[in-house]
Amino acid sequence: QVQLVESGGGLVQAGGSLRLSCAASGRTFSSYNMGWFRQAPGKEREFVASVSWTGGSTLYADSVKGRFTISRDNAKNTVYLRMNSLKAEDTAVYYCAADENWPITQRLREYSYWGQGTQVTVSS
């Protein structure tokens, strides 16, 4: 099992940047593909980005491609989401999740473990 704790959310102006972190407990973090998802008020949870267990493969939602970067540091049991050029529509609760299957996926149901989420609010 793995337990996930997100941090780094907050209030930022449109055009600004934030870096989210997700710290994982457990000795097998490096064997999980990791993903970031988000959920805005009144909307379903949606895929943002994912990274393979080696960090060598990534996937992005079209809405964030070119603005967000997912990365991981297996030595620190942490996955990151760097968010640049933020827009009001990026406002949501952001969740990290772990998937023990292959290949990396954007399908929410493939992820077995979830954090509690961190709020990101972008003011326009």
Side-chain angles (χ1 to χ4, degrees):
Q1 270 195 342
V2 61
Q3 293 180 329
L4 306 171
V5 179
E6 303 94 337
S7 62
L11 174 64
V12 63
Q13 289 188 335
S17 299
L18 280 176
R19 189 180 78 159
L20 305 183
S21 299
C22 174
S25 65
R27 297 182 297 171
T28 59
F29 172 75
S30 60
S31 65
Y32 290 93
N33 297 322
M34 298 298 296
W36 285 98
F37 293 77
R38 66 186 181 187
Q39 188 166 18
K43 295 188 176 181
E44 293 186 350
R45 195 169 298 189
E46 65 175 6
F47 171 76
V48 175
S50 60
V51 61
S52 63
W53 64 276
T54 64
S57 296
T58 56
L59 283 175
Y60 293 94
D62 288 343
S63 58
V64 307
K65 205 171 291 184
R67 299 188 298 123
F68 290 11
T69 303
I70 189 171
S71 62
R72 67 190 297 162
D73 185 337
N74 287 342
K76 295 182 178 180
N77 282 8
T78 302
V79 61
Y80 304 98
L81 185 68
R82 177 67 179 182
M83 306 185 293
N84 295 329
S85 303
L86 282 161
K87 306 175 182 179
E89 51 263 43
D90 294 318
T91 295
V93 177
Y94 283 72
Y95 300 88
C96 73
D99 171 23
E100 54 196 342
N101 300 307
W102 180 262
I104 57 172
T105 179
Q106 59 186 15
R107 291 197 296 266
L108 186 150
R109 66 177 184 271
E110 297 292 333
Y111 289 79
S112 302
Y113 305 103
W114 293 82
Q116 293 301 306
T118 185
Q119 176 71 47
V120 171
T121 303
V122 184
S123 63
S124 57

Worksheet, complete the sentence: Here the pair of heavy atoms bringing Ala24 nearest to Leu4 is CB-CD2, 3.6 Å
Discussion item. One pair to check against side chain to side chain contact (heavy atoms under 4.5 Å, CB included): Ser112 and Glu100. What are the steps and the verdict?
Written reply: CA-CA 8 Å; Ser112 302; Glu100 54 196 342; 3.9 Å; yes
Practice prompt. Please assess Leu20 against Phe68 for the test side chain to side chain contact (heavy atoms under 4.5 Å, CB included), listing each intermediate value before the final yes or no.
Written response: CA-CA 11 Å; Leu20 305 183; Phe68 290 11; over 6 Å; no
Discussion item. Could you tell me if the side chain of Cys22 sits less than 4.5 Å from the side chain of Tyr95, heavy atoms only?
Written reply: no
Fill in: Distance (rounded to the nearest 0.5 Å) between Gln119 CD and Gln39 CD
11.0 Å
Worksheet item: With the 4.5 Å side-chain cut-off for hydrophobic clustering, are Tyr80 and Phe37 part of the same group?
Response: no
Response to the item:
Correct closest heavy-atom pair for Ser124 and Ala88 would be CB-CB, 4.2 Å
Worksheet item: Roughly how far apart are Ser85 OG and Arg67 CZ, rounded to 0.5 Å?
Response: 7.0 Å
Item to complete: Supply the atom-to-atom distance Ser123 OG to Leu86 CG, rounded to the nearest 0.5 angstrom.
Response: 10.0 Å
Response to the item:
CZ of Arg45 to OH of Tyr111, rounded to nearest 0.5 Å, is 13.0 Å
Discussion item. Checking the side chain of Thr91 only, and the main-chain atoms of Val122 only, is there a donor and an acceptor separated by less than 3.5 Å?
Written reply: yes
Worksheet item: Mind checking whether Val120 and Val93 sit in one hydrophobic cluster, side chains of I, L, V, M, F, W, Y counted as touching below 4.5 Å?
Response: no
Item to complete: Please check if atom NZ in Lys65 has more than 12 non-hydrogen atoms from other residues, nucleotides or ligands closer than 6.0 Å.
Response: yes
Worksheet item: Measuring from Leu81:CG to Met34:CE, what's the distance to the nearest 0.5 Å?
Response: 11.5 Å
Discussion item. Under the criterion side chain to side chain contact (heavy atoms under 4.5 Å, CB included), I'd like the reasoning laid out for Ile70 against Tyr60: C-alpha separation, chi angles, the key distance, then a yes or no.
Written reply: CA-CA 9 Å; Ile70 189 171; Tyr60 293 94; 3.4 Å; yes
Worksheet entry | Within one Ile-Leu-Val-Met-Phe-Trp-Tyr cluster: Leu108 and Phe47, side-chain cutoff 4.5 Å | yes
Practice prompt. Rounded to the nearest 0.5 Å, what's the gap from OG on Ser31 to CG on Asn74? Could you check?
Written response: 9.0 Å
Worksheet item: Could Arg38 and Asp90 be called an ion pair, given the rule that one side-chain N must be under 4.0 Å from one carboxylate O?
Response: yes
Practice prompt. Is it possible for you to say whether Trp114 and Tyr32 belong to one hydrophobic cluster, with membership spreading through side-chain heavy-atom contacts below 4.5 Å?
Written response: no
Response to the item:
Note: Ser17 and Asn84 closest approach over all heavy atoms is OG-OD1, 2.9 Å
Worksheet entry | Short side-chain to backbone donor-acceptor contact, Gln116 and Val5, under 3.5 Å | no
Fill in: Shortest non-hydrogen contact from Val48 toward Tyr94
CG2-CE2, 4.3 Å
Practice prompt. Would you indicate whether Gln3, at its atom CD, is surrounded by more than 12 heavy atoms from other residues, nucleotides or ligands within a distance under 6.0 Å?
Written response: no
Fill in: Trp53 vs Ile104 side-chain heavy atoms within contact, under 4.5 Å
no
Fill in: Validation row: Val79, Trp36 side chains within 4.5 angstrom (heavy atoms)
yes
